[in-house]
Amino acid sequence: MSRSAHPAGPRHGDVLPEGHYTPPPSDLNSLDPRVWAQTVERTAEGALSVGGMDVRRLAEEFGTPAYVMDENDFRARCRAWREAFGPDADVFYAGKAFLSRAVVRWLHEEGLNLDVCSGGELATALAAGMPPERIALHGNNKSMEEITRAVEAGVGRIVVDSFQEIARVAHVARRLGRRQPVQIRVTVGVEAHTHEFIATAHEDQKFGLALAGGQAAEAVRRVLGLESLELTGIHSHIGSQIFDMAGFEVSARRVVGLLTEVRDEHGVELPEIDLGGGLGIAYTSEDDPREPHEIAKALGDIVTRECEAAGLAVPRLSVEPGRAIVGPTAFTLYEVGTVKELEGLRTYVSVDGGMSDNIRTALYDAEYSVTLASRASEAEPMLSRVVGKHCESGDIVVRDAFLPADLAPGDLLAVPATGAYCRSMASNYNHALRPPVIAVRDGEARTIVRRETEEDLLRLDVG
Ligand code: LLP
């Protein structure tokens, strides 16, 4: 996703098959604070520590690979988002990035709401005690069971995504004698990419109801005509790992445009808008993410300006950051198994995990950084590729990175910014056992999601 080419020279000469790599930092032991969780530091002994815990101790106690999460950093990021948006807005954490009971409790305690997009995520939220009115249910094909469970639980918001779903939610709510608050997910004609956005005339993707062509306006008519539904607002989500605020501004403008049309046609001022998630984080030092207060200001200003121009009362704003909250809070700790130098090319460093714990490199060509975590080293930088132990050559964790040339089996590596969409997208490919998530705080570490066992695998295999 974030990908930049750099002209600096490699250690092994000029032969670089793909030509994309981050230049060696002047000091391989240094840690860029934008990429690492807040409490990560290199101790006097040279090893990394997080939340006051030495990673060598974590590896000993919990094994590798493991996702190590800085609980204080997670909580601090929640607070930063809440404070940036203030009391007149709501921050819904997008659970798809990473969800567990502990995370739900942290969110609850820090005053965030929760966006879930499946029955499983809803069950986790409810099991951990998130008040249902602070939950929003998403999804482009929610089952009747999922809708029923959400309405029964009393979720604060269902974001409807199609005409069929409007009818389904209305039916379930009527049957249960409820009036269910809903938002309509619209596609605003803005397709956001990593560093750019492309305005498209019409949308060609599965989510939402298009503003262009009047589907969104028709959805508003239908919802307003149904007794068992309460239309509270309009929802838009334009993409993920976005750095440029321009896409959000176009989205906000178009959503307010629809609110204006709704007021003019129906005499109703909808009280809420949700502009989704998608704010980018730093995976490498090349990425330059926006801070929550900059995002809150940019979105708040545009919504206020557009509403004033249209003579609308400013609706209550909500946002749904997932990656921007959890992404930077965790790193993956691996142990090096083999180091294989391909003369004139690069060195392949195999770790004890891979595409089963981080599919993002293979799937999106995502860039990550990596550091030697169990010790400091003054050795020369060595152009490396960190790969996993799976049976395919695309099993790459970090495509291009410089690691010290004295790297050896048994060393620990840490790959930062793996809190979002790594554990949540992990698989059992090659019957790999999915790694645990270890939460570290104030010198204490505890498992919040345990490592899978072979028994877990065999339990599902009932043949
Ligand atoms: N709200 C809605 C409606 C969404 O669909 C998403 C993400 C979010 C919020 C949160 O987006 P975030 O702030 O985390 O970017 N697996 C991909 C990302 C898929 C995101 C899907 N929707 C990845 O690993 O990059």
Side-chain angles (χ1 to χ4, degrees), residues 1-3 67 74 77-78 80-81 85 90-99 103 107 112-118 121 135-142 157-162 165 182-188 190-195 197 203 205-209 233-245 247-248 251 255 273-283 287 289-290 292 295 299 317-330 332 355 357-368 397 415 417-427:
M1 302 193 84
S2 58
R3 165 162 286 278
Y67 305 101
F74 186 100
R77 285 173 199 278
C78 289
W81 277 83
F85 279 85
D90 296 301
V91 180
F92 285 74
Y93 168 77
K96 66 203 80 183
F98 172 67
L99 198 63
V103 160
L107 294 167
L112 265 66
N113 295 1
L114 177 58
D115 140 15
V116 298
C117 68
S118 69
E121 289 184 1
I135 299 175
L137 177 65
H138 275 277
N140 68 301
N141 186 18
K142 307 168 188 77
R157 172 185 299 180
I158 295 182
V159 183
V160 292
D161 192 276
S162 66
E165 197 171 86
V182 298
Q183 289 190 344
I184 295 171
R185 165 93 179 247
V186 302
T187 38
V188 293
V190 175
E191 192 186 318
H193 291 294
T194 304
H195 293 289
F197 74 97
E203 291 288 339
Q205 46 95 4
K206 68 176 182 168
F207 293 108
L209 291 144
I234 301 298
H235 184 286
S236 161
H237 170 77
I238 57 169
S240 231
Q241 185 59 3
I242 302 164
F243 291 96
D244 188 344
M245 291 305 292
F248 288 102
S251 166
V255 167
I273 64 175
D274 187 310
L275 294 176
L279 283 313
I281 62 163
Y283 285 100
D287 296 324
R290 306 273 70 79
I295 295 157
L299 296 182
L317 177 64
S318 51
V319 285
E320 296 172 340
R323 185 192 323 260
I325 290 180
V326 72
T329 69
T332 313
M355 64 195 295
D357 58 70
N358 186 351
I359 189 65
R360 297 192 68 262
T361 306
L363 195 56
Y364 310 118
D365 215 9
E367 279 199 352
Y368 283 90
V397 180
V415 174
T418 58
Y421 304 111
C422 286
R423 181 59 181 80
S424 69
M425 293 173 76
S427 78

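Scope of the values below: all heavy atoms of this structure, side chains included, with no hydrogens, waters or symmetry mates. Order of listing sets the numbers, starting from 1, for every ligand and every atom in it.
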Point to revise | Distance (rounded to the nearest 0.5 Å) between Ser427 OG and Asp357 CG | key: 9.0 Å
Practice item. Report yes if Ser240 has an N/O atom closer than 3.5 Å to an N/O atom of ligand 1; otherwise report no. Key: yes
Exercise for review: Return yes or no for this condition: an N or O of Ala97 is under 3.5 Å from an N or O of ligand 1.
Suggested key: no
Practice item. Find the distance between CG (Asp115) and CG (Asp90) and round it off to the nearest 0.5 Å. Key: 12.5 Å
Review point. How far apart are the closest heavy atoms of Ile238 and Gly247, and which atoms are they?
Key: CD1-C, 3.4 Å
Point to revise | salt bridge (charged side-chain N to carboxylate O under 4.0 Å, His left out) involving Asp161 - partner list, sequence neighbours excluded | key: none
**Study point:** Sub-6.0 Å ring centroid separation between His138 and His237
**Key:** no
Study note, to complete from the structure: In ligand 1, the atoms that come under 4.0 Å of a heavy atom of Met425 are 16 (N), 24 (O)
Point to revise | Gly322 neighbourhood, listing ligand 1 atoms whose heavy-atom distance to it stays under 4.0 Å | key: 12 (P), 13 (O), 14 (O)
Practice item. Check each atom of ligand 1 against the heavy atoms of His138 and keep those under 4.0 Å away; list them by number with element. Key: 3 (C)
Point to revise | N/O separation below 3.5 Å, His235 to ligand 1 | key: no
**Study point:** Proximal ligand 1 atoms for Pro321, defined as those under 4.0 Å from one of its heavy atoms
**Key:** 13 (O)
**Study point:** Ring centroid separation Phe98 to Phe74 under 6.0 Å
**Key:** no
Check your understanding: Based purely on interatomic distance, does Arg185 place a nitrogen or oxygen under 3.5 Å from a nitrogen or oxygen of ligand 1?
Key -> no
